[in-house]
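Hydrogens, waters and symmetry mates are skipped; everything else that's a heavy atom, side chains included, is used. Position 1 is the first residue of the sequence, and the numbers go up from there.
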Amino acid sequence: MSTASDTQNEAHGHQHRDVSGGWLRPAVFGAMDGLVTNVSLIAGVGGGGGSHQFIVLTGLAGLAAGAFSMATGEFVSVSSQNELVQAEVRKEAHELKHNPDAEREELAATFRMRGVAPELAEEVARQISAHPDGALAVHVREELGVDPEELPSPYTAAGASLVTFAIGAVIPLIPYLAGISSAALAMGLALGFAALAAFIGGGLVAKLTDRPFLRGAFRQLILGALAAGITYLIGTAVGATV
C-alpha cells in the first residue's frame with residue numbers, strides 16, 4: 001500500500017529521455033543529410049538542363065548510395081567507438097586486479113576533487129573497492145565518462161541513418177516521381193517541399209532538445225538553401241559551357 005510520502009515523491013520525480021541509445025544523432029543527421037544532398041543534386045542537375053528522366057535517375061542513385069553509405073559509416077563508427085571503450089574497460093579491470101590499492105587511492109582522489117571531505121572520500125572508495133564489479137563500473141564512469149552497460153548499438157545507429165536518409169532524400173523527388181512534366185513546376189515543387197521539410201525538421205529537432213522551434217527551423221532552412229543555391233549555380237555554369 002503506497003503512503004502519502006511515496007505519492008509525493010512520485011509527484012516531484014522526473015524522467016530523463018534515453019540519451020545513450022545511439023539513435024537520435026544518426027536519425028537527425030541522416031534525415032537532414034538525405035534532404036540536403038538530394039535537393040542539392042536535383043538543383044544542380046536541373047540548373048544544368050538535365051532531363052526529367054536524368055533528374056529522377058540522379059535522385060534515386062543519390063538516395064541509394066547515400067543511405068547505404070550513411071549506414072555503413074555509422075555502423076563502423078559506433079562499433080569502433082564501442083570496441084575502444086571495451087578495450088579501456090579491460091585495461092581498468094586489469095589494473096583493479098593487480099593494483100587495487102593504487103586504484104582505490106585514485107578513486108578517493110577523484111571524490112576529493114569533487115568536493116567530498118578527505119575522510120569520507122577514503123571511506124567511500126574503500127567500500128566501493130570491496131565489490132570488484134561495482135568498483136569497475138564506477139572507475140569506468142569516473143575516468144572514461146561512459147557506462148559500459150549502456151553503449152550505443154551500431155545496428156540501431158546504422159538502421160536509423162539508413163531509413164531517415166532515404167526518407168529525407170525522397171522528399172524533393174516527389175514531384176518528379178509523380179510525373180509532373182513541366183520542368184519549372186517540378187523544380188519549384190521540389191525546392192518547396194525540401195524547404196518545408198527542412199523548416200519542420202529543424203524545428204522539431206530544436207523542440208526535442210529544448211531549444212526554440214523557430215531557431216532550429218530557420219537554421220536548417222538557411223543551410224539547406226545555401227547548399228542547393230551553390231549547386232544550382234554550379235549546374236547553371238556548367239550547363240552554359242556544354
With heavy-atom distances below 4.5 Å as the criterion, would you say the side chains of [X] and [Y] are in contact?
X      : Y      : value
Ile42  : Leu191 : no
Glu92  : Val89  : no
Leu151 : Val85  : yes
Phe199 : Gln220 : no
His94  : His98  : yes

Should Phe111 and Leu120 be counted in the same cluster of Ile, Leu, Val, Met, Phe, Trp and Tyr side chains packed under 4.5 Å apart?
->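 Phe111 and Leu120: one cluster.
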
Counting only heavy atoms not in [X] (residues, nucleotides, ligands), do more than 12 fall under 6.0 Å from its [atom1]?
X      : atom1 : answer
Arg211 : CZ    : yes
Tyr232 : OH    : no
Phe213 : CZ    : yes
Phe75  : CZ    : yes

Using 0.5 Å steps for rounding, measure from the [atom1] atom of [X] to the [atom2] atom of [Y].
X      : Y      : atom1 : atom2 : result
Thr156 : Glu74  : OG1   : CD    : 11.0 Å
Leu221 : Leu226 : CG    : CG    : 11.0 Å
Glu103 : Ser129 : CD    : OG    : 8.5 Å
Glu123 : Ile128 : CD    : CD1   : 10.5 Å
Arg126 : Leu107 : CZ    : CG    : 12.5 Å
Gln86  : Lys91  : CD    : NZ    : 14.0 Å

Could you give me the CA-CA distance, side-chain angles and deciding distance for Arg112 and Glu105, then say whether salt bridge (Lys or Arg N to Asp or Glu O under 4.0 Å) is met?
-> CA-CA 10 Å; Arg112 289 196 297 269; Glu105 177 54 35; 2.8 Å; yes

Does a side chain donor of either Glu95 or Asn99 reach within less than 3.5 Å of an acceptor in the other side chain?
-> yes

Salt-bridge criterion met for Glu122 and Arg104 (N-O under 4.0 Å) =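 No, Glu122 and Arg104 are not salt-bridged.
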
